[in-house]
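First the structure, in the form of structure tokens, and then the observations on it.
What's counted below: heavy atoms across the whole structure, side chains too, no hydrogens, waters or symmetry copies.
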Amino acid sequence: MWRIELESEVNWELKMKFFLLPELPTPDVVEGSIWRRAIVLENEAFAVLAYPEREKAIAVEGNFTSKEWKTIREKLVEYFGLQNPEELYEFMEGDEKLKMLKERFYGFGRAGLMSMSVFEGIAKAVIQQQISFVVAEKIAAKVVQKFGETVEWNGLKFYSFPTQRAILKAGVERLRECGLSRRKAELILEIAREESLEELRKASEDEAYEYLTSFKGIGRWTAELVLSMVLGKNVFPADDLGVRRAVSRLYFNGELQSADKVREVARKFGRYARDILFYLFLYDRFFSKKSELI
């Protein structure tokens with residue numbers, strides 16, 4: 001067993017709330033406090049399982065060795081946002097609404113990511129276009145089960161998101177069997193043909209945005225979602241309806257504001273905008289109708 005020692009306590013239950021369909025392999029699977037999925041390193045899939053050992057430590061198990069551990073540890077820290085949150089918490093103390101969010105969701109810490117690879121993240125963002133997140137996750141789970149790699153370890157199945165090669169081999173019609181529209185299937189295939197997607201991590205926000213929006217079918221909402229939740233850029237996708245609802249309830253007495261107005265609010269968040277975005281997602285998804293939070 002390996003261990004990720006933390007500088008601040010983590011509320012693992014809150015981290016797990018981002019997986020709305022925990023029983024389905026999206027490719028993440030959550031059973032109680034135990035999270036698992038397969039992580040692909042250099043074309044080999046490894047079973048990885050994580051759970052809280054104590055308030056400031058996450059235990060990690062799997063079929064990998066010490067050779068892979070450093071990379072897997074880095075991926076898990078980034079994926080779950082396990083970096084030290086103290087500066088973020090201090091910033092949130094300076095705003096009445098953010099302070100309320102910090103107190104209600106204390107232990108959530110820093111923002112994580114929605115994917116382990118750039119291709120996975122873009123594909124998921126495309127799947128999410130113009131449908132509910134729950135429906136999108138059901139479609140993603142079907143794609144994973146049909147075309148992803150499965151690793152068995154200790155009597156459990158671990159799933160990886162399909163590689164670009166696997167998606168290209170599947171083709172449009174088989175992708176559509178998972179519930180994708182023809183246009184979305186075609187767009188995901190087009191993206192799968194790109195050979196240097198991981199290089200986007202090194203690109204500037206403007207460069208990455210220009211590249212993403214060069215694909216017909218990727219507009220501002222999708223591009224900003226990828227920039228923020230896949231590439232880890234400090235971008236605030238204000239066009240997202242859930243974000244607009246949350247900001248409107250917190251700062252405008254529930255009167256739904258335009259994306260431009262929400263961006264004005266987000267500018268005040270400075271370098272913590274992406275972190276605060278995750279608190280707003282939590283607020284909108286699970287707690288925005290509870291009077292004690294208003």
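Summarising the geometry of P27 relative to Y159, their closest heavy-atom pair is CB-O, 3.2 Å, with the distance given to 0.1 Å. The heavy-atom pair separating A47 from N63 by the smallest distance is N-OD1, 2.8 Å. Scanning all heavy atoms of the two residues, the minimum distance from G81 to K15 falls at O-NZ, 3.2 Å. The minimum heavy-atom distance linking L21 with T26 is given by the pair O-CG2, 4.5 Å. Looking at every heavy atom in both residues, S228 comes nearest to L277 through OG-CD2, 3.4 Å. In plain terms, the two heavy atoms of V262 and A238 that are nearest each other are CG1-CB, 3.8 Å.
In this structure the side chain of K157 never reaches within 4.5 angstrom of the side chain of V29, judged on heavy atoms. In this structure, M92 and D275 have side chains that are not in contact, with every pair of non-hydrogen atoms separated by 4.5 Å or more. Side-chain contact between W2 and R73 is absent, with no heavy atoms from C-beta onward closer than 4.5 Å. The closest side-chain heavy-atom distance from I131 to K184 is below 4.5 Å. Looking at E173 and R182, their side chains come closer than 4.5 Å, going by heavy atoms from C-beta outward. In this structure, T222 and I122 have side chains that are not in contact, with every pair of non-hydrogen atoms separated by 4.5 Å or more. Side-chain contact between F252 and V247 is present, with heavy atoms from C-beta onward closer than 4.5 Å. Between L225 and Q128 the shortest side-chain heavy-atom distance falls below 4.5 Å.
Judged by distance alone, with hydrogens and angles left aside, the side-chain atoms of E198 form no donor-acceptor pair with the main-chain N or O of S117 at under 3.5 Å. Listed for the S160 side chain is a donor-acceptor partner under 3.5 Å among the backbone atoms of E149. Judged purely by atom type and a 3.5 angstrom limit, Q257 uses its side chain to pair as donor or acceptor with the backbone of E255. Not a single donor-acceptor pair under 3.5 Å links the side chain of Y106 to the backbone N or O of V10. Between the Q129 side chain and the G217 main chain, a donor and an acceptor come within less than 3.5 Å of each other. E210 contributes no side-chain N or O that, together with a main-chain N or O of E207, makes up a donor-acceptor pair within less than 3.5 Å. The closest donor-acceptor contact from the side chain of Y89 to the backbone of E103 lies at 3.5 Å or more, if one exists at all.
Within a 6.0 Å radius of CD in E177, more than 12 heavy atoms belonging to other residues, nucleotides or ligands are found. Within 6.0 Å of CD on E23 lie more than 12 heavy atoms contributed by other residues, nucleotides or ligands. Residue E90 qualifies as open at atom CD: its count of foreign heavy atoms under 6.0 Å is 12 or below.
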Stepwise side chain to side chain donor-acceptor pair (under 3.5 Å) test for E264 and Y251: CA-CA 12 Å; E264 286 181 22; Y251 292 98; over 6 Å; no
Output, in order, the C-alpha distance, side-chain angles, deciding distance and verdict of ring-ring contact (aromatic ring centres under 6.0 Å, His included) for F278 and F18. CA-CA 9 Å; F278 276 60; F18 267 87; 5.1 Å; yes
Check against salt bridge (charged side-chain N to carboxylate O under 4.0 Å, His left out), K216 and E190: CA-CA 10 Å; K216 185 178 180 181; E190 184 180 355; over 6 Å; no
Quick one: do L76 and I58 satisfy side chain to side chain contact (heavy atoms under 4.5 Å, CB included)? Show the steps, please. CA-CA 10 Å; L76 292 178; I58 302 299; over 6 Å; no
Test side chain to side chain contact (heavy atoms under 4.5 Å, CB included) applied to R201 and V118, step by step: CA-CA 8 Å; R201 296 188 190 275; V118 175; 3.8 Å; yes
Given I39 and F64, is the side chain to side chain contact (heavy atoms under 4.5 Å, CB included) satisfied, shown in steps? CA-CA 10 Å; I39 295 179; F64 51 90; over 6 Å; no
Residues F119, I188; criterion side chain to side chain contact (heavy atoms under 4.5 Å, CB included); working and verdict: CA-CA 9 Å; F119 173 66; I188 291 173; 4.2 Å; yes
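The cluster map of Ile, Leu, Val, Met, Phe, Trp and Tyr, joined by side-chain heavy atoms under 4.5 Å apart, puts V60 and I34 in different clusters. There is a path of hydrophobic side-chain contacts, each under 4.5 Å, that joins V226 to F133. Cluster annotation: L20 and W12 are assigned to distinct hydrophobic clusters (Ile/Leu/Val/Met/Phe/Trp/Tyr, side-chain heavy-atom contacts under 4.5 Å, transitive). When the side chains of ILVMFWY residues are joined at heavy-atom separations under 4.5 Å, either directly or via intervening members, L14 and V77 end up in two distinct hydrophobic clusters. No chain of hydrophobic side-chain contacts below 4.5 Å, direct or via other Ile, Leu, Val, Met, Phe, Trp or Tyr residues, connects L113 to F161.
At a cut-off of 3.5 Å, with distance as the only test, a side-chain donor of Y211 or E194 sits close to an acceptor on the other residue. For the 3.5 Å distance criterion, the side chains of T71 and E74 fail to qualify, holding no donor opposite an acceptor.
Salt bridge annotation for R183-E186: present, with a cationic side-chain nitrogen under 4.0 angstrom from a carboxylate oxygen. The residues E205 and R274 are annotated as not salt-bridged, no charged nitrogen and carboxylate oxygen being separated by less than 4.0 angstrom.
Put simply, CG on L256 and CG on L241 are 6.5 Å apart, with the number rounded to the nearest 0.5 Å. Atoms CD1 and CG, on I127 and L175 in that order, are 8.5 Å from each other to the nearest 0.5 Å. With values rounded to the nearest 0.5 angstrom, L49 atom CG is found 7.0 Å from L156 atom CG. For the atom pair E224 CD and T213 OG1, the distance stands at 10.5 Å (nearest 0.5 Å). In this structure, the separation between OG1 on T65 and CD1 on I72 is 8.0 Å, given to the nearest 0.5 Å. The line from CZ of F46 to CZ of F158 is 13.0 Å long, rounded to the nearest 0.5 Å.
Note: W35 and Y79 have tilted aromatic rings, judged against thresholds of 30 and 60 degrees for the angle between ring planes. In this structure, F105 and Y279 have tilted ring planes: the angle between them lies in the 30° to 60° band.
Among residue pairs with one or both ends in residues 231-246, those qualifying as side-chain hydrogen bond (donor to acceptor under 3.5 Å, both in side chains) are W221-D240, D239-R263, R245-D284; sequence neighbours excluded. Every pair passing side-chain hydrogen bond (donor to acceptor under 3.5 Å, both in side chains) that includes a residue from residues 41-61 is listed here, sequence neighbours excluded: R3-E53, E5-R54, Y51-E61.
Remark: K169 pairs with no residue by the salt bridge (charged side-chain N to carboxylate O under 4.0 Å, His left out) rule, at least two apart or across chains.
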